[in-house]
Amino acid sequence: MPHMQRREFDIVLFGATGFTGELVARYLATRGPEDLRFAIAGRSREKLREVRERLAALRPELASLEMITASVERPESLRAMAERARVIITTVGPYVRYGEPVVRAALEAGADYVDITGEPEFVDRVIRTYDARAREAKIRIVNCCGFDSIPHDLGAYFTVKQLPSDRPITVEAFVRFQGQISGGTWHSAIGAFSELRRTREASKPPAPTTGRKVSLVERPLRRGPYGTEWALLMPTIDPQVVLRSAAALEDYGPDFRYGHYLHVRTTTKLLAVTAGVGAAVALAQFGPTRRAILKWKVPGEGPSEEERAKGAFEVTFVGEAEGGPKVETRFAGGDPGYTETAKMLAESALCLARDAEKLPPRYGVLTPAAAMGDALLERLTAAGLVIERVS
Ligand SMILES: NC(=O)c1ccc[n+]([C@@H]2O[C@H](COP(=O)([O-])OP(=O)(O)OC[C@H]3O[C@@H](n4cnc5c(N)ncnc54)[C@H](OP(=O)(O)O)[C@@H]3O)[C@@H](O)[C@H]2O)c1
């Protein structure tokens with residue numbers, strides 16, 4: 001948009017003092033283009049100064065990096081921050097608690113917006129409240145630009161592109177990952193578990209806008225793609241995001257079905273995962289037990305560099321057009337929750353800020369695939385994520 005060309009910064013990163021926020025700042029500092037104009041923002045000037053010092057140790061010229069003080073409790077500070085940016089990144093979560101004022105500020109200031117929420121209730125609220133206004137203002141509000149839900153959304157998008165689009169298509173995704181979680185993620189997840197009814201309500205498939213029927217493959221448990229392992233239905237936000245893309249974009253066939261599974265190699269692991277998640281959901285239902293388990297992980301903390309180096313993920317997609325053909329693709333990378341999430345989020349913001357001529361003329365509250373599609377696939381591949389057709 002012409003008015004956005006004149007912004008002081010390409011990107012302002014709100015939440016730079018948090019665990020994931022600082023990883024995003026480091027990514028922009030070390031992997032962003034030389035001439036990138038970015039600023040870090042947060043509620044504590046002291047903490048921002050500490051982050052800036054650590055960034056300057058990586059690149060000395062960042063000793064003068066602009067710091068913007070803004071807080072969710074002061075909407076005028078968010079608005080002033082957003083007015084200086086082409087794109088706002090926010091890593092301030094839980095989003096259901098802190099997210100909405102940032103979306104509103106971006107929209108009112110005419111800045112594009114990306115986040116890494118995985119909270120269905122928040123995304124549902126953002127769509128209902130801001131989609132029409134964002135379309136009208138020609139702003140892109142793109143939630144879920146982390147491990148939730150870029151590998152699944154862009155992976156399904158890549159998979160349907162390998163298939164004929166004039167026949168019904170089914171895509172099933174089998175997700176494997178290992179890695180530890182941060183305090184911020186733990187608090188957001190327990191918050192979502194404690195509001196299970198609202199989370200479920202918010203996860204319903206979207207109404208299609210293209211006349212295409214989109215639906216979920218609802219098999220709670222089945223064998224994995226290679227026949228011997230297990231695939232357990234994973235009720236995360238990802239299926240909702242994939243179906244929103246399918247409802248909005250070409251290439252997904254006249255009828256599109258999507259299945260989303262955790263891919264588990266052994267029965268013992270299957271039982272351990274089911275028991276672990278079941279226990280966390282049960283304990284999140286009651287105030288005293290919820291408060292007790294929230295203390296297990298402290299906001300601001302997360303896995304160390306060595307722990308992150310051991311993390312990895314792989315999503316196998318099996319896509320089939322009615323009557324054939326059938327294809328297998330994969331989307332894989334390192335530590336899903338933080339190293340790769342920081343990369344995916346930063347590349348999404350760079351894509352919105354720098355790839356204007358490659359982006360589809362689509363506005364409103366969008367999925368990553370609908371907002372950035374091929375331009376983002378190209379960036380993520382160049383950044384080292386593996387997105388390929390296997391057969
Ligand atoms: N989807 C994914 O794949 C994915 C992956 C990773 C994280 N996440 C999500 O990202 C979010 C952040 O996670 P994290 O581990 O980085 O959390 P964190 O370390 O606790 O960081 C939270 C950030 O929010 C800031 N903040 C909190 N309240 C604020 C307020 N009122 N005004 C301004 N800033 C405020 C904190 O500032 P202070 O430093 O001043 O406290 C901090 O910068 C969580 O919701 C998590 O679930 C999602």
Side-chain angles (χ1 to χ4, degrees), residues 12-27 40-52 54 67-78 80-82 88-102 105 114-123 142-154 175 177 179-193 199 234 236-238 240-241 294 297-304 307-308 311 313 315 333-346 348 367-368 385:
V12 169
L13 167 60
F14 183 51
T17 57
F19 182 73
T20 317
E22 185 164 345
L23 292 178
V24 177
R26 276 172 53 181
Y27 188 90
I40 52 174
R43 62 180 164 176
S44 156
R45 197 143 186 94
E46 203 37 55
K47 280 194 183 179
L48 284 172
R49 203 167 282 124
E50 288 166 17
V51 171
R52 186 169 73 172
R54 290 192 285 272
M67 303 181 297
I68 300 174
T69 314
S71 154
V72 168
E73 285 77 29
R74 289 186 294 113
E76 70 290 353
S77 68
L78 296 177
M81 169 186 81
I88 293 290
I89 299 179
T90 172
T91 53
V92 174
Y95 290 88
V96 88
R97 193 177 316 152
Y98 302 128
E100 195 172 339
V102 190
V114 287
D115 70 27
I116 46 170
T117 186
E119 298 159 62
E121 189 190 339
F122 171 66
V123 175
V142 193
N143 307 114
C144 307
C145 292
F147 183 61
D148 299 299
S149 297
I150 281 194
H152 320 103
D153 188 31
L154 270 286
V175 186
F177 59 89
Q180 314 226 5
I181 65 168
S182 70
T185 300
W186 179 243
H187 280 244
S188 298
I190 295 302
F193 289 165
T199 302
M234 218 163 72
T236 51
I237 196 168
D238 309 304
Q240 184 201 3
V241 175
L294 280 174
K297 286 194 182 277
V298 180
E301 291 177 2
S304 68
E307 287 167 330
R308 292 200 310 278
F313 76 91
V315 191
D335 166 57
Y338 304 95
T339 308
E340 300 296 35
T341 283
K343 180 189 286 176
M344 292 186 261
L345 179 60
S348 300
T367 62
L385 287 156

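Note that the structure is a prediction, hence the values are computed from the model and not measured. Counting starts at 1 for both ligands and their atoms, in listed order. Heavy atoms only: backbone and side chains are in, while hydrogens, waters and symmetry mates are out. The chain is numbered in sequence order, starting from 1.
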query = Sequence neighbours excluded, which residues qualify as side chain to side chain contact (heavy atoms under 4.5 Å, CB included) partners of S71?
reply = R43, E73, R74
ask   = Among all protein non-hydrogen atoms, which one is nearest to atom 39 (O) of ligand 1, and what is the separation to 0.1 Å?
value = T17 OG1, 2.7 Å
task = Provide, to 0.1 Å, the distance between atom 40 (O) of ligand 1 and the closest protein heavy atom, together with that atom's residue and name.
result = R43 NE, 2.9 Å
ask   = So is G183 in contact with ligand 1, going by heavy-atom distances below 4.0 Å?
value = no
inquiry  = Does any N or O of ligand 1 fall below 3.5 Å from an N or O anywhere on S188, backbone included?
reply    = yes
request  = Looking only at protein heavy atoms, identify the closest one to atom 19 (O) of ligand 1 and say how far it is in Å.
outcome  = F19 N, 2.8 Å
request  = Please work out whether any backbone atom (N, CA, C, O) or any side-chain heavy atom from C-beta onward of H187 is under 4.0 Å from ligand 1, and answer side chain, backbone, both or neither.
outcome  = neither
message = Check for me whether W186 has a heavy atom closer than 4.0 Å to any atom of ligand 1.
response = no
L345 and its side-chain contact (heavy atoms from CB on, under 4.5 Å) partner, picked from T91, I150, V142 = T91
query = So do the side chains of I116 and Y95 get within less than 4.5 Å of each other, counting heavy atoms only?
reply = yes
note = Closest to atom 35 (C) of ligand 1 (heavy atoms only, candidates V92, T90, T341, I116) is V92
inquiry  = Is there a polar contact, in the sense of an N or O pair closer than 3.5 Å, between F14 and ligand 1?
reply    = no
key: G337, any N or O under 3.5 Å of ligand 1 N or O   = no
task = Answer yes or no: is there a donor N or O on one side and an acceptor on the other, between the side chain of D115 and the main chain of C144, under 3.5 Å?
result = yes
For the student: nearest non-hydrogen atoms of P368 and V241, plus distance = CD-CG1, 4.2 Å
request  = List the closest protein heavy-atom neighbour of atom 17 (O) of ligand 1: residue, atom name, distance to the nearest 0.1 Å.
outcome  = G184 CA, 3.4 Å
task = Report the nearest protein non-hydrogen atom to atom 32 (N) of ligand 1: residue, atom name, distance rounded to 0.1 Å.
result = V72 N, 3.2 Å
ask   = Does R49 pair with E46 as a salt bridge, N-O distance under 4.0 Å?
value = yes
ask   = Does an N or O anywhere in D148 fall below 3.5 Å from an N or O of ligand 1?
value = yes
task = Return yes or no for this condition: an N or O of G93 is under 3.5 Å from an N or O of ligand 1.
result = no
ask   = Nearest protein heavy atom to atom 14 (P) of ligand 1, by residue and atom, and its distance?
value = T20 OG1, 3.4 Å
key: Nearest heavy atoms of G118 and I237, plus distance in Å   = O-CB, 3.7 Å
key: Which of the ligand 1 atoms, numbered from 1, are nearer than 4.0 Å to a heavy atom of G15   = 43 (O)
task = Just need the protein heavy atom nearest to atom 31 (N) of ligand 1, so name the residue and atom and give the distance.
result = E73 OE1, 3.0 Å
Within-cut-off N or O pair, T91 and ligand 1, under 3.5 Å = no
task = Examine A16 against ligand 1 and note whether any of their N/O atoms are separated by less than 3.5 Å.
result = no
message = Among all protein heavy atoms in this structure, tell me which lies nearest to atom 18 (P) of ligand 1, with the distance rounded to 0.1 Å.
response = G300 N, 3.6 Å
query = Should L385 and M344 count as side-chain neighbours, where that means a heavy-atom distance under 4.5 Å?
reply = yes
inquiry  = With respect to S182, determine whether any N or O atom, backbone or side chain, lies less than 3.5 Å from an N or O atom of ligand 1.
reply    = yes
request  = I would like to know whether T236 and F147 meet side-chain contact (heavy atoms from CB on, under 4.5 Å); could you show each step before the answer?
outcome  = CA-CA 11 Å; T236 51; F147 183 61; over 6 Å; no
inquiry  = Donor-acceptor pair, distance only, cut-off 3.5 Å: does the side chain of S149 make one with the backbone of H152?
reply    = no
ask   = Taking N or O atoms only and a 3.5 Å limit, does G18 qualify as a polar contact for ligand 1?
value = yes
ask   = Under the ring-ring contact (aromatic ring centres under 6.0 Å, His included) test, which residues partner F19, sequence neighbours left out?
value = Y338
query = Should you measure from each heavy atom of P299, which atoms of ligand 1 turn up under 4.0 Å away?
reply = 20 (O)
query = If you measure from each heavy atom of G302 to ligand 1, is any distance below 4.0 Å?
reply = no
remark   = For F313 and G334 the tightest heavy-atom approach is CD2-O, 3.2 Å
inquiry  = With a 4.5 Å cut-off on side-chain heavy atoms, are D153 and D238 touching?
reply    = no
key: Residue pair P94 / Y98, side-chain heavy-atom distance below 4.5 Å   = yes
